[in-house]
Amino acid sequence: MAPTITKWILIAILSILVMKPGIILIQGQQQVPCLFFFGDSQFDNGNNNQLITTAKVNYPPYGIDFPDGPTGRFTNGKNIADFLAQFLGFANPIPPFTTARGSDVLKGVNYASGGAGILDESGILLGGRIPLNQQLINHRTTIGRIRLLLIRNRTITPESYLNKCLYVVNMGSNDYLNNYFLQPISPSRILFTPDRFAANLIQRLTQQLRTLYNSGARKVAVFGLGLLGCTPQELSMFPANASGCVDFINEAAQLFNNRLKPVIDDFNTNSPGAQFIYVNITSISLGDPASIGITVVNAACCVVEARSGQCVRNGIPCSNRNEYAFWDNFHPTELLNLVTASRSFNVLLPEDAYPVDIQRLVLQ
Ligand SMILES: *[C@@H]1O[C@H](CO)[C@@H](O)[C@H](O)[C@H]1NC(C)=O
Ligand SMILES: *[C@@H]1O[C@H](CO)[C@@H](O)[C@H](O)[C@H]1NC(C)=O
Ligand SMILES: *[C@@H]1O[C@H](CO)[C@@H](O)[C@H](O)[C@H]1NC(C)=O
């Protein structure tokens with residue numbers, strides 16, 4: 001294990017250096033013309049701000065380490081989408097769909113929405129949110145705008161432009177946390193075994209990825225589910241196992257992941273031009289967090305409101321934020337987002353991404 005952990009420390013430290021202004025290692029040429037994000041609160045950068053919903057965090061202390069303060073990002077600083085855009089050479093974050101205007105959309109759009117799921121009904125108790133189906137409809141609006149913007153362009157057609165973009169999809173956590181595993185018991189859990197539920201989700205997600213492919217996406221990175229049973233919120237609701245996590249929740253998420261990987265193979269084999277990859281968050285979560293100074297893995301950094309699991313407004317968060325894995329009861333700190341983004345971009349362990357990582361995907 002030792003070499004692995006050493007390597008992990010190395011990349012984490014390297015990645016941190018990359019972030020420090022002045023020591024920017026990965027910068028310069030934008031590696032894809034455009035970047036689109038589909039997802040939930042892990043990617044959301046403001047789409048929920050105008051909605052009537054509990055899943056909205058445009059208030060302090062969210063964004064305490066972000067240059068613009070609270071923006072609707074569900075963390076203290078940058079989220080995974082911010083880091084990926086940075087690694088891909090974009091000068092600015094990809095704008096949220098709700099505020100993206102004019103020629104901005106040529107560089108891409110972030111459609112992600114806190115509380116949203118693969119299933120339209122997931123997260124319904126939170127209030128407003130933009131499920132993946134609606135995110136795909138919003139993408140059609142963007143494509144219409146891109147067509148207009150490129151109408152006089154003789155060097156590139158909208159179709160070939162859209163083929164060159166990178167599409168990142170991160171969905172499913174809310175189908176478990178805000179649907180299947182809701183307490184005391186959810187209708188989904190009465191109706192379906194974990195395996196059946198995972199099969200249903202993957203069937204829907206496959207259709208949604210097909211829609212994305214049909215609208216011109218070729219380079220697509222799909223994130224699997226992480227260790228949902230290790231979030232402080234689930235640990236406050238269910239007894240922990242010897243692993244320190246709620247094993248049956250992690251096992252249910254693994255059933256989803258196991259069924260997702262063959263879908264990636266299927267696209268690559270049977271859909272002309274498709275270059276899909278699977279990002280294995282389970283693998284990325286392996287390693288000793290203490291090696292990069294994270295010492296608290298089972299509690300939130302901010303003062304949390306018990307029911308929502310989000311930070312209370314204006315609460316004073318911990319000052320040693322780089323020692324915490326979790327910012328609130330669901331969402332990682334900026335430091336952990338950096339690790340996830342950097343390992344999906346450039347794998348540390350071979351299992352982190354399949355068949356290639358994001359860096360290699362965009363070069364193909
Ligand atoms: C056409 O699109 C390409 C690619 O985005 C761009 O570099 C070029 O400036 C555009 N040309 C015109 C005339 O808009
Ligand atoms: C985890 O803990 C629960 C409740 O304490 C127990 O029922 C279950 O068998 C444990 N699972 C494993 C894999 O140990
Ligand atoms: C993800 O990585 C873990 C740890 O290496 C591995 O056990 C699991 O099989 C991988 N999942 C998939 C779907 O490849």
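None of the values given here were measured: they were computed from a predicted structure. Both ligands and their constituent atoms are indexed starting at 1 by order of listing. Nothing fancy with the numbering, it's 1 onward along the sequence.
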With heavy-atom distances below 4.0 Å as the criterion, list the atoms of ligand 1 near [X].
X	value
I156	2 (O)
N153	1 (C), 2 (O), 3 (C), 8 (C), 10 (C), 11 (N), 12 (C), 14 (O)
Y161	5 (O)

Where ligand 2 meets D247 - atom numbers and elements under 4.0 angstrom, heavy-atom basis: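 Near D247, the atoms of ligand 2 are 12 (C), 13 (C).
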
Taking all heavy atoms of [X] and all of [Y], pick out the closest pair and write down the distance.
X	Y	value
A55	F74	O-CZ, 3.5 Å
A116	I130	CB-O, 3.1 Å
A112	F38	CB-C, 4.5 Å

Ion pair check, R360 and D357, cut-off under 4.0 Å: yes

Shared hydrophobic cluster for I316 and I64 (ILVMFWY, side-chain gaps under 4.5 Å): no

Inter- and intrachain pairs under disulfide (SG to SG under 2.5 Å), touching residues 179-218, at least two apart: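 As it turns out, there is no disulfide (SG to SG under 2.5 Å) pair with a partner in residues 179-218 once direct neighbours are skipped.
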
Listed once per pair and sorted, the disulfide (SG to SG under 2.5 Å) pairs that draw on residues 220-275, sequence neighbours left out: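 Sorted result for residues 220-275: C230-C245.
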
Polar atom proximity, N241 to ligand 2 (N or O, under 3.5 Å):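 The answer is yes, given that N241 and ligand 2 share an N or O pair closer than 3.5 Å.
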
Pairs of nitrogen or oxygen atoms, one from ligand 3 and one from the protein, closer than 3.5 Å: please tabulate them with distances.
residue: ligand 3; atom: 2 (O); partner: N280; partner atom: OD1; Å: 3.4
residue: ligand 3; atom: 2 (O); partner: N280; partner atom: ND2; Å: 2.3
residue: ligand 3; atom: 11 (N); partner: N280; partner atom: ND2; Å: 3.0
residue: ligand 3; atom: 14 (O); partner: K261; partner atom: NZ; Å: 3.2

Residue pairs fulfilling salt bridge (Lys or Arg N to Asp or Glu O under 4.0 Å) with at least one residue in residues 44-65, sequence neighbours excluded: D65-R321

